[in-house]
Amino acid sequence: MDPIVTRFPPSPTGYLHVGGARTALFNWLYARHTGGRFVLRIEDTDTVRSTQASVDAIFEALRWLQIDWDDGPYFQSRRTDVYLDYARRLYETGHAYYCTCSPEAVEAMRQRAVASGANPRYDGTCRERGLGTEPGAVLRFRTPASGTTVLDDVVKGSIVFQNSELDDFVIVRSDGMPTYNFVVVVDDIAMGINTVIRGDDHVMNTPKQMQIYRALGARLPVFAHVPMVLGPDRTRLSKRHGAMSVTAYRDMGYLPDAFLNYLARLGWSCGDQEFFTRQELIEKFTLDNIGRSAGIFDLAKLQALNADHIQASTPEALVPHISPILVRNGLAPGDVPSLPRVIRTLQPRCKTLEEMVEQARFYFADEVAYDPEAVKKIFKPTAFDPLQRIVEALERIPVFSEAALEAAFSAVMAATGLKLGKIAQPVRLALTGRTASPGIFETIEALGRDKTLARLRRAAAWIQAHAVPDS
RNA sequence: GGUCCCAUCGUCUAGCGGUUAGGACGCCGGCCUCUCACGUCGGUAACACGGGUUCGAAUCCCGUUGGGACCA
């Protein structure tokens, strides 16, 4: 059996968006799953809207997602001669003909067709005129007037199109530029693409494309039309729904593997499994379990999955992902004794890395700001003594290991008769400025000896300074 | 307007003629606990509607409604 060859053909008219990323993912996964090839092709024939910035943005997004390609990138703008070559073949074999009808005349035909209740279409005026190329002529594809074109779609099943509904569409414009439906087929044939996985907004293009395959004597690829990704209001995902750019999710602190996991499960399933590593995705992805109905992009679910991936990761593996976000927030990764240790304390408490940075702030601060509400409740005069005892106990510990810290706290608990909560909360407030934080021992360990002792002493002094005189 | 696609909890989905319709996210409650989380246990909630086919339909067929896509 021939190896599977898939492709991803983005138009560089903007950043890579969520729907495009999922299409890329499915094609990539299928190629990797089958040990086939994945081709990247930039469809930049629209020279007005295509930009280099968009090309760069797409590369950047694919790099972040770690979706790599085996062939390409090809640029359609550099392949015009290939397309015209194929167009000539179509003309020479009688599958295409020149047409000199003016745009106005064609528009009139459409009006007439609509008026008679039919589809707007070209009426075939030049079809049998046997015209050769001449100035202002377009090249039209000669669509069969009768019969049906049947698309056997892997996900949608069999779809029947009446050929009479198909137009004699233009394949080369009067300015010599080939058209979309035509170049796609030429490229897919030339690049050996045998499996086309794309959004189901392309279903209506498919019968036209199938006709071109036939006219060119090429073998049809397997088609898999994947349902679209919609916004919460059930309309096509757009700017109105917030972030559409894939890299925006990177900047918000999502892990590429979590993002891919979410995208894969949106429209594809594997029994009840929700969490997939990249490797599992490759092992388990097939075209068989792609759903037929459109899916709504749900940020809450993405967040939950991201939290799972953050937890499943090692702190060290998170470092390269979180560092840029730290820096963006004015925090230097080196300003803490051990960044992985800090990350470890926060892993079970964050849905995104952005949240993690937010919660990590106190580790980096030179001096924590106390939450005023918490101060009222916790920094009471009675908190001074235990705090002081903790300082003394910690001063005697050379190495801040969790076990040693726990022993020190136990000793203070025994000496004062206080429960851990009564001691831990003042310590927590002293170290973090807040009432909520990671476990007190792991926090101290990650914060390090110097910062811990400095903050505890400052807190003790603060309480003394603000002590309410006995009345 | 024409053509095409789709339809299970709010959301993602399992189901492929016989199930108390399962899981996940979210939400609500219990437990755990040095706080917040994590974790764990439990709860909430769905087969769009109407006809058929069948001993039996979420599942097969037809229609209706609703949503979406493409062309204009």
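Heavy-atom basis, side chains included; hydrogens, waters and symmetry copies ignored. Numbered from 1 within each chain, the chains take letters A, B, ... in sequence-line order.
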task: Rounded to whole angstrom, note down the P distance from B:A24 over to B:C38.
output: 15 Å
query: Under 6.0 Å from the six-membered ring centre of A:Y122 and within 45° of its axis: does the NZ or CZ of A:R140 meet both?
result: yes
Euclidean distance for C1', B:U44 against B:G2 (whole angstrom): 45 Å
query: Taking everything shown except A:R434 itself, do over 12 heavy atoms lie less than 6.0 Å from its CZ?
result: no
- prompt: What about A:E274: does its side chain form a donor-acceptor pair under 3.5 Å with the base of B:G23?
  reply: yes
message: By nearest heavy atom, map A:R22 and A:D308 onto RNA chain B; which one lands nearer the 5' end?
response: A:R22
message: If you count every heavy atom of other residues, nucleotides or ligands that lies below 6.0 Å from A:R458 atom CZ, does the total exceed 12?
response: yes
message: What is the separation between atom CG on A:L429 and atom C1' on B:U35, rounded to the nearest whole Å?
response: 11 Å
task: Choose from B:G2, B:C25, B:C34 the nucleotide whose nearest atom is closest to any side-chain atom of A:E165.
output: B:G2
task: Between B:G42 and B:U59, how far apart are the C1' atoms? Round to whole Å, please.
output: 31 Å
query: Which of the following nucleotides, B:U11, B:A14, B:C4, is nearest to the side chain of A:S269?
result: B:A14
query: Does any N or O donor sit under 3.5 Å from an N or O acceptor when you compare the side chain of A:R349 with the base of B:C36?
result: yes
query: Can you tell me how far C1' in B:C47 sits from the matching atom in B:A21, rounded to whole Å?
result: 8 Å
task: Would you mind pulling out the nucleotide paired to B:U54, Watson-Crick or G-U wobble, both distances under 3.5 Å?
output: none
query: Whole Å only: how far is the CZ atom of A:F275 from the P atom of B:C25?
result: 13 Å
message: Using atom P in both nucleotides, what's the gap between B:A57 and B:U19 to the nearest angstrom?
response: 11 Å
message: Salt bridge or not between A:R41 and A:D188? Use side-chain N to carboxylate O under 4.0 Å.
response: yes
- prompt: Would you call the rings of A:F223 and A:Y213 parallel, tilted or perpendicular if under 30° counts as parallel and over 60° as perpendicular?
  reply: perpendicular
message: Strictly by Watson-Crick or wobble contacts shorter than 3.5 Å, is anything paired with B:G39, and which nucleotide is it?
response: B:C31
- prompt: If pairing requires Watson-Crick or G-U wobble contacts with both distances under 3.5 Å, which nucleotide is the partner of B:G2?
  reply: B:C70
- line: Checking B:G2, B:G26, B:C12 against the side chain of A:K351 (C-beta onward), the nearest is B:G26
message: If you only use heavy atoms from C-beta on, which nucleotide in B:C38, B:A14, B:U11 is closest to the side chain of A:D298?
response: B:U11
message: Return the pairing partner of B:U20 with a 3.5 Å limit on both distances, Watson-Crick or G-U wobble; otherwise return none.
response: none
statement: With the side chain defined as heavy atoms from C-beta on, A:A436 is closest, among B:C12, B:A69, B:U35, to B:U35
message: Students often get this wrong, so: under 4.0 angstrom with heavy atoms, is A:G295 touching a base, only sugar-phosphate, or nothing?
response: sugar-phosphate
field: Closest to the A:K301 side chain, choosing from B:C12, B:C70, B:G68
entry: B:C12
- request: Figure out the CG/P separation between A:N205 and B:A69, and round it to whole Å.
  value: 15 Å
message: Rounded to whole Å, how long is the line connecting atom CD of A:Q425 with atom P of B:C36?
response: 8 Å
query: Taking the nucleotide of RNA chain B with the closest heavy atom to each, which residue, A:M228 or A:S437, is nearer the 5' end?
result: A:S437
query: Rounded to the nearest Å, what distance is computed from the CG atom of residue A:D272 to the P atom of nucleotide B:C12?
result: 16 Å
field: Span that lies between the P atom of B:U8 and that of B:A58, in whole angstrom
entry: 15 Å
query: Given the P atoms of B:U13 and B:A48, what is the spacing between them in whole Å?
result: 15 Å
Taking N or O atoms only and anything under 3.5 Å, show me the protein contacts with nucleotides 5-9 of chain B, one pair per line.
| residue | atom | partner | partner atom | Å |
| --- | --- | --- | --- | --- |
| B:C5 | O2' | A:K156 | NZ | 2.7 |

- request: Hunt down the Watson-Crick or G-U wobble partner of B:A48, both distances under 3.5 Å, from any strand shown, or write none.
  value: B:U64
task: Whole angstrom is fine here: how far is it from CG in A:N261 over to P in B:A24?
output: 15 Å
task: Answer with base, sugar-phosphate or nothing: what part of the nucleic acid does A:P438 contact at a heavy-atom distance below 4.0 Å?
output: base
field: Base-pairing mate for B:G10 - Watson-Crick or G-U, with both contacts under 3.5 Å
entry: B:C25
field: Intermediate values then yes/no, salt bridge (charged side-chain N to carboxylate O under 4.0 Å, His left out), A:E283 and A:R32
entry: CA-CA 8 Å; A:E283 282 162 15; A:R32 292 290 170 265; over 6 Å; no
statement: Among B:A37, B:G39, B:G2, the one nearest any side-chain atom of A:Q311 is B:G39
message: Which is it for B:C27, anti or syn, if anything within 90° of zero counts as syn?
response: anti
query: Is A:R434 touching bases, backbone alone, or none of the nucleic acid, heavy atoms closer than 4.0 Å?
result: nothing
query: For A:I440, which contact category applies under a 4.0 Å heavy-atom criterion: base, sugar-phosphate, or nothing?
result: base
task: Using the P atoms only, state how far B:G15 lies from B:C60, rounded to an integer number of Å.
output: 12 Å
- prompt: Would you find a donor on one side and an acceptor on the other, under 3.5 Å apart, between the side chain of A:R173 and the backbone of A:L139?
  reply: no
Ring centre gap for A:W268 and A:F276 strictly below 6.0 Å: yes
message: Under 4.0 Å, counting only non-hydrogen atoms across every strand here, what does A:K208 touch: a base, just sugar-phosphate, or nothing?
response: nothing
task: Indicate, with a heavy-atom threshold strictly under 4.0 Å, whether A:R234 touches base, sugar-phosphate, or nothing.
output: sugar-phosphate
query: Rounded to the Å, how far apart are A:F441 CZ and B:U35 P?
result: 12 Å
task: Please report, rounded to the nearest Å, how far the P atom of B:G15 is from the CG atom of A:N289.
output: 7 Å
- request: Specify whether A:F409 and A:F441 have parallel, tilted or perpendicular ring planes, treating 30° as the upper limit for parallel and 60° as the lower limit for perpendicular.
  value: perpendicular
task: Give a yes/no verdict on a cation-pi contact between A:R265 and A:Y262, requiring under 6.0 Å between NZ or CZ and the six-membered ring centre and an angle within 45° of the axis.
output: no
- prompt: Which is true for A:G199 with a 4.0 Å heavy-atom rule: it touches a base, it touches only sugar-phosphate, or it touches nothing?
  reply: nothing
query: What closest approach, in Å, do A:L456 and A:A430 show between heavy atoms, and which atom pair accounts for it?
result: CD2-CB, 4.0 Å
